[in-house]
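Here the structure is laid out as structure tokens; the discussion comes afterwards.
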Amino acid sequence: MPPGGEPVGAPWQVRAFGGFAVGSVGVLNYYAAVAARPGRLEYLAQLREIAPYGGLADRGAEMADMGAFCDSPDSYWWWQADTWSGKSALMSWFVLHPPPRVIPVSFFVTARLTSHGDSAAFTSTVLGQLEDILGLSPGPAAAGETTARYYLLLQAAAQQLAQQGDRLVLVVDGLDEDRSLAAGLPSIASLLPKHCEHGLKVILASRPTLRVPLDVRPDHPLRSPRIVRTLSGSPHAVAIRDMAELELRTLLEGTQVQRDLLGLLTAAGGGLTLSDLSELTELAPFEIKPILTGVTGRTFTSRPDEWATPDEGTRVYLLAHETLREEAVAAFGDHLLRSYRDRLHVWADRYRARNWPPATPAYLLRGYFWMLNAAGDAG
């Protein structure tokens, strides 16, 4: 429980304890573990922002293979493919359109959105979906208790669904984007169940360059090469890649405003709203939005702000793909990215000087901490 407060019960209520969040690593762990866990419907709404618009093209065989796996005696299936192969499109489509009697719970690792890039976010997000399936209220806040609850509810949900004639499938996309170990957390891979009971299945996707993290047990199924399946590249994804990389170059060589928006989103780890960017650039929203949503629509993407009230309809912006983020980081270099982070620090200091009022941007109470940790600036 946050000092002097009641447990947080809804995403927007995290704002009420902003002062405590900034001052205490312990309270930060509280937020990472329990605050505002999205349920299944909320997370499915987020996945619709990832899924291909207009439908999944030319992946009928792969969808059929995944469906057959769900009815097989095997427990693990691991798609591996290079970047821009359409892994996330396939995985999100499967979660949104599962085979009959298959109930997926999922997590899409997103390194370019820092608050979705580690095992704290993984356990929190999956727990919210499992609690929905089981009809439970959010559980304990301590990190260790959260991990134990995740294992307990994963098996409990699998058992309950099996008794109903259904099958639980845990889907994790972007395993190679996991930043947990760098943040001093257990890897997401190490938290995947070693024993899958009651018909539980696990479907993963990553780049082939991913090495199984050192904290994964030697006898874990992840260490078996027989679970790996190679996913062929999608020509549709390649076409999008070419356009996105061209647009990224246009931004880097464009106006100062274009470079600043790209630099701020790269430095922040994504998750900034139009209002946030307006404050940071001192430009009106109408001057910013065309850059984020116009011709550069393949470089930037947006998703609903999970920390806003449902009626606000607020969206946060981030880079559309992890390789674009990597290219932007390399293009800007350490010195220039540090200057953009300095602008974020000044922005945070303004709200700290006002004792973190209720109107404090949600990023400063959530994503800012992940950004600091990723930048090695936790002190």
Side-chain angles (χ1 to χ4, degrees), residues 37-80 86-109 122-139 149-175 188-189 191-206 220-222 224 226-229 231:
R37 292 205 281 257
R40 286 195 71 233
L41 290 179
E42 292 86 351
Y43 199 65
L44 288 175
Q46 293 182 34
L47 290 189
R48 291 188 183 96
E49 304 293 326
I50 300 174
Y53 180 76
L56 184 68
D58 303 325
R59 289 296 195 192
E62 289 83 356
M63 288 287 289
D65 287 344
M66 295 163 77
F69 161 73
C70 292
D71 289 328
S72 76
D74 297 326
S75 298
Y76 270 80
W77 180 287
W78 188 352
W79 285 121
Q80 293 188 359
K87 297 185 295 295
S88 295
L90 174 62
M91 296 286 272
S92 59
W93 197 260
F94 177 83
V95 173
L96 292 170
H97 303 87
R101 309 208 70 88
V102 168
I103 310 298
V105 296
S106 61
F107 183 69
F108 283 62
V109 190
F122 165 75
T123 51
S124 174
T125 301
V126 173
L127 264 176
Q129 297 170 71
L130 294 172
E131 287 162 347
D132 258 10
I133 289 173
L134 294 166
L136 301 174
S137 299
R149 183 175 173 86
Y150 151 74
Y151 282 123
L152 177 66
L153 296 194
L154 189 64
Q155 296 299 335
Q159 182 177 21
Q160 176 175 298
L161 291 174
Q163 291 170 349
Q164 299 170 187
D166 297 323
R167 189 181 300 281
L168 181 66
V169 179
L170 174 61
V171 177
V172 182
D173 178 65
L175 204 58
I188 294 173
L191 299 180
L192 299 173
K194 190 169 80 168
H195 301 288
C196 293
E197 301 173 354
H198 311 293
L200 172 65
K201 306 291 184 182
V202 181
I203 299 178
L204 310 170
S206 75
H220 195 283
L222 278 180
S224 171
R226 64 180 296 272
I227 71 171
V228 174
R229 305 290 187 274
L231 180 66

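Predicted, not measured: the structure shown is a model, and the values here were computed from it.
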Residues that W77 engages under side chain to side chain donor-acceptor pair (under 3.5 Å), provided they are two or more places apart: none
Distance, nearest 0.5 Å, that separates CD of Q160 from CD1 of I133: 8.5 Å
Flag, side chain of K87 to backbone of L231, donor-acceptor distance under 3.5 Å: no
Nearest-0.5 Å distance that lies between atom CG in L153 and atom CG in D132: 11.5 Å
Validation row: M91, W79 side chains within 4.5 angstrom (heavy atoms): yes
With A158 via side-chain contact (heavy atoms from CB on, under 4.5 Å) - residues at least two apart: L168, H198, L200
Set of residues satisfying salt bridge (charged side-chain N to carboxylate O under 4.0 Å, His left out) with respect to D65, sequence neighbours excluded: none
Step-by-step side-chain contact (heavy atoms from CB on, under 4.5 Å) determination, F122 to L192: CA-CA 10 Å; F122 165 75; L192 299 173; 4.2 Å; yes
Within-4.5 Å side-chain heavy-atom neighbours: D74 and R226: yes
Run the side-chain donor-acceptor check on residues 97-107: report pairs under 3.5 Å with partners two or more places apart or on a different chain.
from: H97; atom 1: ND1; to: W93; atom 2: O; distance (Å): 3.3
from: R101; atom 1: NE; to: G165; atom 2: O; distance (Å): 2.9
from: R101; atom 1: NE; to: D166; atom 2: OD1; distance (Å): 3.0
from: R101; atom 1: NH2; to: Q164; atom 2: O; distance (Å): 2.8
from: R101; atom 1: NH2; to: D166; atom 2: OD1; distance (Å): 3.0

Residues that F94 engages under ring-ring contact (aromatic ring centres under 6.0 Å, His included), provided they are two or more places apart: none
Partners passing side-chain contact (heavy atoms from CB on, under 4.5 Å) against S206 (at least two apart in sequence or in another chain): W78, Q80, L175, D176, L210
Separation of T125 OG1 from Y150 OH (nearest 0.5 Å): 12.0 Å
Chi angles and distances behind the side-chain contact (heavy atoms from CB on, under 4.5 Å) call for M66, V169: CA-CA 11 Å; M66 295 163 77; V169 179; over 6 Å; no
Distance in Å, L134 CG paired with L154 CG, rounded so as to fall on 0.5 Å steps: 10.0 Å
Results of ring-ring contact (aromatic ring centres under 6.0 Å, His included) for F108 - residues two or more places apart only: none
Pairs flagged by salt bridge (charged side-chain N to carboxylate O under 4.0 Å, His left out) wherever residues 89-100 is involved - sequence neighbours left out: none
Rounded distance (nearest 0.5 Å) linking atom CG of L130 with atom CZ of R149: 9.5 Å
Residues in side chain to side chain donor-acceptor pair (under 3.5 Å) contact with E62, at least two apart in sequence or another chain: R59
G174 to V109 - nearest heavy-atom pair and separation: O-CB, 3.2 Å
Rounded distance (nearest 0.5 Å) linking atom CG of L204 with atom CG of L170: 7.5 Å
Where C196 and Y76 come nearest, the two heavy atoms and their spacing: SG-CE1, 3.9 Å
Any residue meeting side-chain contact (heavy atoms from CB on, under 4.5 Å) with E197, in chain and number order, not counting sequence neighbours: Q155
Those residues that, when tested against L152, pass side-chain contact (heavy atoms from CB on, under 4.5 Å) (two or more places apart): none
